[in-house]
2 protein chains.
Amino acid sequence: MWTDNQWAEPGAERPGGARRRATIHDVARLAGVSRQTVSRAVNDKGEIDPATKERVLEAARLLDYRPSRFARGLVQKGAVTAGLVIPDLRNPFFPEVAAGVLEAAEQRGWQVVVWDSRIDEARERQALDVLSHQADAVVGYFKDPDDVLARHLGGVPLVLLERGPQQTGFAAVGIDAATGVEQGMDHLFRAGHRRIGMLDGVHGPGPRRLAFLEQVRRLGLPVDEDWVVVCPEHSVAGGEAGMERLLAARPEITAVFGFNDLIAVGAMRTARRQGRSVPDDLAVLGFDGLSLGELVEPALTTLHIDKRQLGRLAVEQVARLRAGEEPLRGADAWVVPELVVRSSA
Amino acid sequence: MWTDNQWAEPGAERPGGARRRATIHDVARLAGVSRQTVSRAVNDKGEIDPATKERVLEAARLLDYRPSRFARGLVQKGAVTAGLVIPDLRNPFFPEVAAGVLEAAEQRGWQVVVWDSRIDEARERQALDVLSHQADAVVGYFKDPDDVLARHLGGVPLVLLERGPQQTGFAAVGIDAATGVEQGMDHLFRAGHRRIGMLDGVHGPGPRRLAFLEQVRRLGLPVDEDWVVVCPEHSVAGGEAGMERLLAARPEITAVFGFNDLIAVGAMRTARRQGRSVPDDLAVLGFDGLSLGELVEPALTTLHIDKRQLGRLAVEQVARLRAGEEPLRGADAWVVPELVVRSSA
DNA sequence: AACGCTCACGTGAACGTTCACGAGCCCACA
DNA sequence: TGTGGGCTCGTGAACGTTCACGTGAGCGTT
């Protein structure tokens with residue numbers, strides 16, 4: 001026997017003005033049936049007379065009844081919620097990755113809680129704190145080292161985006177920067193470029209910078225610290241600023257390799273503003289393959305990444321983790337960039 | 001007394017290979033304490049001896065214990081999850097709106113489950129079906145009429161994005177298209193344009209088209225059916241295709257108003273491909289204010305919308321609905337576009 | 001020695017739903 | 001007239017946690 005409603009009438013005003021959420025009991029009582037019958041009506045199951053069903057639904061409507069997703073989830077397992085942590089939704093790269101994650105999740109019947117950490121490590125941790133309580137797994141971009149992540153994770157499976165296996169013990173999916181950069185540098189080299197600069201992203205020397213330096217060495221190009229400039233942010237404005245510094249330090253360069261397409265576009269703008277024509281005076285090579293690269297002038301030559309695939313792979317990793325299988329390691333968890341030659345290089 | 005574990009050892013392999021998720025009971029037993037003590041250890045509460053806490057945590061680690069978010073949510077209310085349904089994450093407009101939603105939700109301590117309906121009404125309904133079971137409120141873009149939505153909603157509060165009050169009885173936030181289009185058309189008119197075409201979006205005559213026709217009438221411009229062309233999709237490619245048809249039908253136009261920035265950019269590309277220079281032979285006006293408009297050549301003149309604000313407003317509407325207050329109606333729920341004059345018009 | 005206080009921990013209940021089972025009813029059929 | 005079977009509906013239990021208490025040990029104070 002359920003305890004009697006402490007309010008005079010079902011759905012009556014509380015003293016504070018707020019209502020106590022109606023439960024299945026309240027509906028059952030108002031409709032004069034049992035909980036189970038209410039459940040049947042609400043969930044559209046069989047074994048119920050159409051007339052009673054209508055009566056129950058009317059009662060539910062009257063009380064503004066909505067089933068508790070918690071009570072439901074407690075008894076019928078299977079609902080999976082993944083967390084997705086993205087550094088910056090305004091960078092067109094990440095919505096594409098997110099689209100891949102959402103697509104793959106939808107196919108599996110999972111839901112995805114999305115967090116935009118806005119390039120703030122504290123917010124990354126905060127996201128982890130919340131998601132570790134509310135999600136069954138987390139995938140995302142994180143800058144913290146493994147031990148910090150583990151502390152905020154409380155045992156929830158994690159899949160890291162764009163972290164090499166040597167950088168983390170967690171499951172990860174990433175980009176084969178080395179192969180991509182090699183293609184790009186070969187292209188520049190074959191076009192006759194020998195003095196090539198790089199506009200790097202903000203976090204310390206990552207795979208792209210290392211691959212760049214590796215290629216510079218392989219091709220026997222001049223190499224010095226100030227051929228690589230770190231841009232203040234991963235945006236067009238960041239690329240413009242970085243390019244100004246790079247051209248000031250190394251005016252003799254004939255080509256520049258951008259950390260991503262936004263930075264590369266910024267580089268082109270600065271170059272042209274300073275009177276250098278692209279690609280004749282200066283070739284610009286991007287990395288990402290954003291669709292915006294087709295729209296700028298000249299169209300951006302870039303290393304195209306299948307960003308949706310990256311997202312889908314991440315979900316596959318989550319699935320493996322959940323199944324207790326070994327996550328994909330190495331090449332299977334990498335997306336290989338593809339050189340797309342347009343006009344800028 | 002809790003029922004005894006049916007498996008030989010806690011955390012032992014199941015016949016099928018899957019493990020039964022360890023519960024707080026299992027941990028309690030292994031650590032030789034009560035549930036409550038486990039709860040205290042796991043949740044970092046006081047009233048526990050550091051030594052026992054460590055022992056409990058070790059047991060939890062051993063069993064790979066993670067608290068059930070359902071059981072937790074059932075007993076401690078307060079966790080709010082909102083659903084966000086977006087038509088197309090690849091259109092840069094929507095990630096911006098989403099960013100606003102996420103930001104506002106984060107401030108309130110809510111989580112957001114995101115769905116990409118990929119411009120498919122069936123998927124919209126599917127999203128509603130799921131979210132009505134799993135979310136406390138839904139905000140998003142939906143094409144279905146009120147009654148269809150209500151059927152898939154099961155009483156969950158809904159906030160519609162970009163639907164005028166005359167189009168729906170649900171709470172909504174939108175864009176003041178009329179004011180925006182008026183600004184834009186005034187700008188074109190003052191620049192001397194008298195033959196102005198429009199590239200509309202795919203769904204039937206919406207506020208933007210109606211406002212365009214209204215302005216055409218107000219300014220006494222020639223008006224005919226084929227001055228408005230419907231683009232096959234809301235993308236650059238869609239704009240290119242639409243512009244081809246528009247120029248074929250009405251080669252005499254001197255300006256074109258695009259449904260959004262992507263379509264406007266497509267229009268520019270087709271115009272230039274056909275030998276018309278922008279803005280001299282043909283002025284192009286966009287709508288949205290995507291940052292990509294600054295990057296194309298010539299830079300796009302557009303009606304800029306504060307997309308984040310749109311998202312924030314939507315969350316505010318949800319909050320009102322949940323509090324039982326009246327949602328914002330009229331001007332307070334509208335975002336007013338602002339004319340940003342660049343080079344294309 | 002009696003009292004009170006703090007600390008560390010345990011116990012029953014409650015949260016709101018679904019599941020497995022069972023009961024009653026009505027009708028058809030032998 | 002009994003029997004079987006489909007409908008329709010109800011009952012106890014279970015899901016895994018936290019909350020509000022309760023308890024007992026240890027210790028200091030009067």
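Convention: sequence-line order gives letters A, B, ...; per-chain numbering from 1.
A donor and an acceptor atom sit less than 3.5 Å apart, one in the side chain of Arg35(B) and one in the base of dG12(C).
Electrostatic pairing of Arg66(A) and Asp136(B) does not count as a salt bridge here, judged by no charged N lying under 4.0 Å from a carboxylate O. A salt bridge links Arg61(B) and Glu58(B); the closest N-O separation between the charged side-chain nitrogens and carboxylate oxygens is under 4.0 Å.
Following rounding to the nearest Å, Ile24(B) (CD1) and dC15(D) (C1') show an atom-to-atom distance of 13 Å. In this structure, Gln36(A) atom CD and dG12(D) atom P are separated by 14 Å, rounded to whole Å. Rounded to a whole Å, the CG atom of Leu63(B) is 14 Å from the P atom of dG16(D). With rounding to whole Å, His25(B) atom NE2 is found 11 Å from dA14(D) atom P.
Residues Ser132(A) and Val156(A) come closest through the heavy atom pair O-CG2, 3.4 Å. Of all heavy-atom pairs between Arg312(B) and Gly100(B), the closest is CG-O, 3.6 Å. Closest approach of Val139(B) and Ala314(B) over heavy atoms only: CG2-CB, 4.0 Å. In terms of heavy-atom proximity, Ala60(B) sits nearest to Val27(B) at N-CG1, 3.9 Å.
Under the 3.5 Å distance criterion, the side-chain polar atoms of Arg35(A) are left unmatched by any main-chain donor or acceptor of Ala28(A).
End-to-end axis angle for the helix from dA1(C)-dT30(D) to dA30(C)-dT1(D), using five pairs per end and rounding to 10°, comes out at 50°.
Considering only heavy atoms from C-beta on, Glu96(B) comes within 4.5 Å of Arg308(B) through its side chain.
Judged as a side chain to side chain contact (heavy atoms under 4.5 Å, CB included), and not counting sequence neighbours, the contacts of Val113(B) are Gln111(A), Val113(A), Thr81(B), Trp115(B), Leu131(B). Listed by chain and number, the residues in a side chain to side chain contact (heavy atoms under 4.5 Å, CB included) with Asp332(B) are Leu328(B) (sequence neighbours excluded).
Within the structure, side-chain hydrogen bond (donor to acceptor under 3.5 Å, both in side chains) pairs that include any residue of residues 139-149 of chain A comprise Arg125(A)-Asp144(A), Tyr141(A)-Glu162(A), Asp146(A)-Thr168(A) (at least two apart or interchain).
A heavy atom closer than 4.0 Å to some atom of DNA chain C occurs in Leu74(B), Val75(B), Lys77(B), these being the qualifying members of residues 64-80 of chain B.
The shortest distance between the side-chain N/O atoms of Lys45(B) and the OP1/OP2 oxygens of dC19(D) is below 4.0 Å.
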Tabulate protein N/O versus nucleotide N/O from nucleotides 5-9 of chain D, keeping only pairs under 3.5 Å, one per line.
unit_1 : atom_1 : unit_2   : atom_2 : d
dC9(D) : OP1    : Thr52(A) : OG1    : 3.1
dC9(D) : OP2    : Asp49(A) : N      : 2.7
dC9(D) : OP2    : Thr52(A) : OG1    : 3.0
dC9(D) : N4     : Glu47(A) : OE1    : 3.1

